[in-house]
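Because only heavy atoms are used, hydrogens play no part in the values below, and waters and symmetry mates are left out as well, while side chains stay in.
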2 protein chains.
Amino acid sequence: MPHPLIPVVSRPGDEYFVAGDVRERTDASRNRLLILRSAQELIAERGVSCLTMDALAEKAGVGKGTIFRRFGSRSGLMTALLDHSERDFQQCLLSGPPPLGPGAPALERLLAYGRAIVERFELTGELQQAADAQGWRLFAVPARLFQHQHVAMLLRAGGCRGDAELLAHTLMAGLEPRLLHYQLKDANITTERVVENWNFMVRAVLPTPP
Amino acid sequence: MPHPLIPVVSRPGDEYFVAGDVRERTDASRNRLLILRSAQELIAERGVSCLTMDALAEKAGVGKGTIFRRFGSRSGLMTALLDHSERDFQQCLLSGPPPLGPGAPALERLLAYGRAIVERFELTGELQQAADAQGWRLFAVPARLFQHQHVAMLLRAGGCRGDAELLAHTLMAGLEPRLLHYQLKDANITTERVVENWNFMVRAVLPTPP
DNA sequence: AGAGTAAACGGACTGCAGTCCGTTTATATT
DNA sequence: AATATAAACGGACTGCAGTCCGTTTACTCT
């Protein structure tokens, strides 16, 4: 089902394409860029929700089949559009400056993580929601798995006594794009309050420092 | 936008229809039952994901417009199908036997709530996910608001020191159908482990009893 | 360079959710 | 019983995601 050339986001350092050696044909590469660039333009003009695959195909000057061959689905396309931002973010977690990156205590890093996610939502939330769609395999997506591992690791490093793997799921569920959208856009809850709540949860779950 | 006759689930005791006095026309009522019954049959035969609105219209012997007039959307229909189960559940929370209902300490009631949600997922999870669809107004739905209020109330009653309203969101996010589906069906995590994790979170968030 | 081939292409086609609007009908009123 | 009217009805229609498959094309091998 996953086409070998569908772009993915796993860890920084991974190659952009799943299939190891196969080189991307030049026409394929040209069209990929055309499609992504056109998509960004259309989104800039009319917003994510107005982006139809037909319109995109026309604007990019390619057949609709080409888009689907490459990105698999509308949400696959959105995922690809998020790719750069996601890689940057992963890079920050892995080797950026503390407290987001390594070098700070686990607790601090978790707090920074929550704030970063909320702030990132302000920028890319609409895309994130569109990338969600169809969602019950959302959790098996590389970007998601990476972040889950990261949070679970920090929880363990912080000396958490619970089930780090599941706790990471639960905590992260509180930062889901859909929930953030509801809280920030519909329920008029401030960013700061959301971040504070995350901080509270994290502290509640980690043992209090001596 | 919400049609006056769209069935909702708010609190037990509310009337089934939003509009106060307007009586449902007899043909409307007959068709509503026809549609719901046919939907249940089709789902029993082929599963939720195979239920198309066209097939349903044909089986129920009504026009497709009639279905949409009444239920608004596919997920509205699913919500209506969940209605009974939801009402029963709400009833249990409000006036059932402890620890789910009143009479037990807040902590116990929260633990029971988590277990009940997970167990309910086993029965109605597929429907819940279908009712989700399109979801970023999911959180404004009556059934959801009710449960949110309930959990927030228990958190306050339990002496929680954080932001009860937001904590309720976050905790409940860990019991979302999509996440449960991933954990229980895809990741092969046991029910018991999920429940244990909920218990851990709830205990972490409430002050330890003396 | 020329042939062979695997991959990419494109756009007509399918299936489904959701809309629109002219028609029908249940109920209230006289 | 006849009339009025607001509500309900139904199915053709639209728009969009996603598929299919015959055609084209970029590379490889000789």
Side-chain angles (χ1 to χ4, degrees), chain A residues 1-7 17-35 38-39 42 46-79 130-135 137, chain B residues 1-7 17-19 21-35 38-39 42 46-80 130-135 137:
Chain A
M1 179 112 295
H3 185 276
L5 291 189
I6 290 177
F17 296 107
V18 187
D21 330 336
V22 199
R23 266 238 221 306
E24 192 183 25
R25 247 170 65 168
T26 59
D27 52 347
S29 158
R30 173 177 43 81
N31 283 339
R32 179 169 52 78
L33 294 174
L34 267 173
I35 292 167
S38 306
L42 283 177
R46 302 188 193 170
V48 172
S49 63
C50 288
L51 178 68
T52 74
M53 304 308 263
D54 289 279
L56 176 57
E58 191 182 4
K59 172 134 189 169
V62 304
K64 197 155 62 142
T66 303
I67 301 180
F68 279 93
R69 145 169 281 264
R70 189 158 308 277
F71 299 103
S73 68
R74 189 183 137 96
S75 45
L77 173 70
M78 301 303 181
T79 304
D132 245 44
Q134 196 46 267
R137 63 178 42 182
Chain B
M1 181 109 294
H3 185 275
L5 289 189
I6 289 178
F17 295 107
V18 188
D21 329 337
V22 200
R23 270 241 216 304
E24 192 183 26
R25 248 170 65 167
T26 58
D27 51 348
S29 158
R30 173 177 43 81
N31 283 338
R32 179 168 52 78
L33 294 174
L34 267 173
I35 291 167
S38 306
L42 283 177
R46 302 188 193 170
V48 171
S49 61
C50 288
L51 178 67
T52 73
M53 304 307 263
D54 288 279
L56 177 56
E58 191 181 7
K59 173 135 189 168
V62 304
K64 195 155 64 142
T66 303
I67 301 181
F68 280 94
R69 146 168 280 264
R70 188 160 308 277
F71 299 104
S73 67
R74 189 183 137 97
S75 45
L77 173 70
M78 301 302 181
T79 304
D132 244 45
Q134 198 43 268
R137 63 177 43 182

*salt bridge (charged side-chain N to carboxylate O under 4.0 Å, His left out) involving A:Lys59 - partner list, sequence neighbours excluded*: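 Scan of A:Lys59 (salt bridge (charged side-chain N to carboxylate O under 4.0 Å, His left out), adjacent residues dropped) gives A:Glu41, A:Glu45.
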
Would you tabulate the pairs of protein nitrogen or oxygen atoms and nucleotide nitrogen or oxygen atoms of nucleotides 13-17 of chain C closer than 3.5 angstrom?
{"from": "C:dA17", "atom 1": "OP1", "to": "B:Arg74", "atom 2": "NH1", "distance (Å)": "3.4"}
{"from": "C:dA17", "atom 1": "OP2", "to": "B:Met53", "atom 2": "N", "distance (Å)": "2.9"}
{"from": "C:dA17", "atom 1": "N7", "to": "B:Lys64", "atom 2": "NZ", "distance (Å)": "3.2"}

Return the minimal non-hydrogen interatomic distance between [X] and [Y], and the atom names on each side.
X        : Y       : result
B:Leu56  : B:Ala39 : CD1-N, 3.5 Å
A:Ala130 : A:Ser75 : O-CB, 3.4 Å
B:Ala57  : B:Gly63 : CB-C, 4.1 Å

*Under the side chain to side chain contact (heavy atoms under 4.5 Å, CB included) test, which residues partner B:Thr66, sequence neighbours left out?*
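For B:Thr66 the side chain to side chain contact (heavy atoms under 4.5 Å, CB included) partners, ignoring immediate neighbours, are B:Asn31, B:Ile35, B:Val62.
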
*Would you please name every residue forming a side chain to side chain contact (heavy atoms under 4.5 Å, CB included) with A:Arg30, sequence neighbours left out?*
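For A:Arg30 the side chain to side chain contact (heavy atoms under 4.5 Å, CB included) partners, ignoring immediate neighbours, are A:Asp27, A:Leu34.
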
Rounded to whole angstroms, how far apart are [atom1] on [X] and [atom2] on [N]?
X       : N      : atom1 : atom2 : answer
B:Leu56 : D:dG11 : CG    : P     : 14 Å
A:Ile67 : C:dG11 : CD1   : C1'   : 12 Å
A:Leu34 : C:dC9  : CG    : C1'   : 13 Å
A:Arg32 : C:dA7  : CZ    : P     : 17 Å
B:Phe71 : C:dT19 : CZ    : P     : 15 Å

To the closest 0.5 Å, what do you measure between [atom1] ([X]) and [atom2] ([Y])?
X        : Y       : atom1 : atom2 : result
A:Ser73  : A:Met53 : OG    : CE    : 7.0 Å
A:Thr79  : A:Arg74 : OG1   : CZ    : 11.0 Å
B:Asp132 : B:Met78 : CG    : CE    : 11.5 Å

*Beyond-backbone contact of A:Thr52 with A:Leu42, side-chain heavy atoms, under 4.5 angstrom*: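 A:Thr52 vs A:Leu42: side chains apart.
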
Can you tell me if the side-chain N/O atoms of [X] get under 4.0 Å from OP1 or OP2 in [N]?
X       : N      : answer
A:Arg70 : C:dC9  : yes
A:Thr66 : C:dG10 : yes
B:Asn31 : D:dC9  : yes

*asked:* Assess whether a salt bridge exists between B:Lys64 and B:Glu58, defined as any Lys/Arg side-chain N lying under 4.0 Å from an Asp/Glu carboxylate O.
replied: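 Salt bridge absent between B:Lys64 and B:Glu58.
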
Under-3.5 Å N/O pairs linking protein and nucleotides 28-30 of chain C:
none

*Produce a footprint string for nucleotides 22-30 of chain D: one letter per nucleotide, 5' end first; B if the base is under 4.0 Å from any protein heavy atom, S if only the sugar-phosphate is, - if neither.*
---BSS---

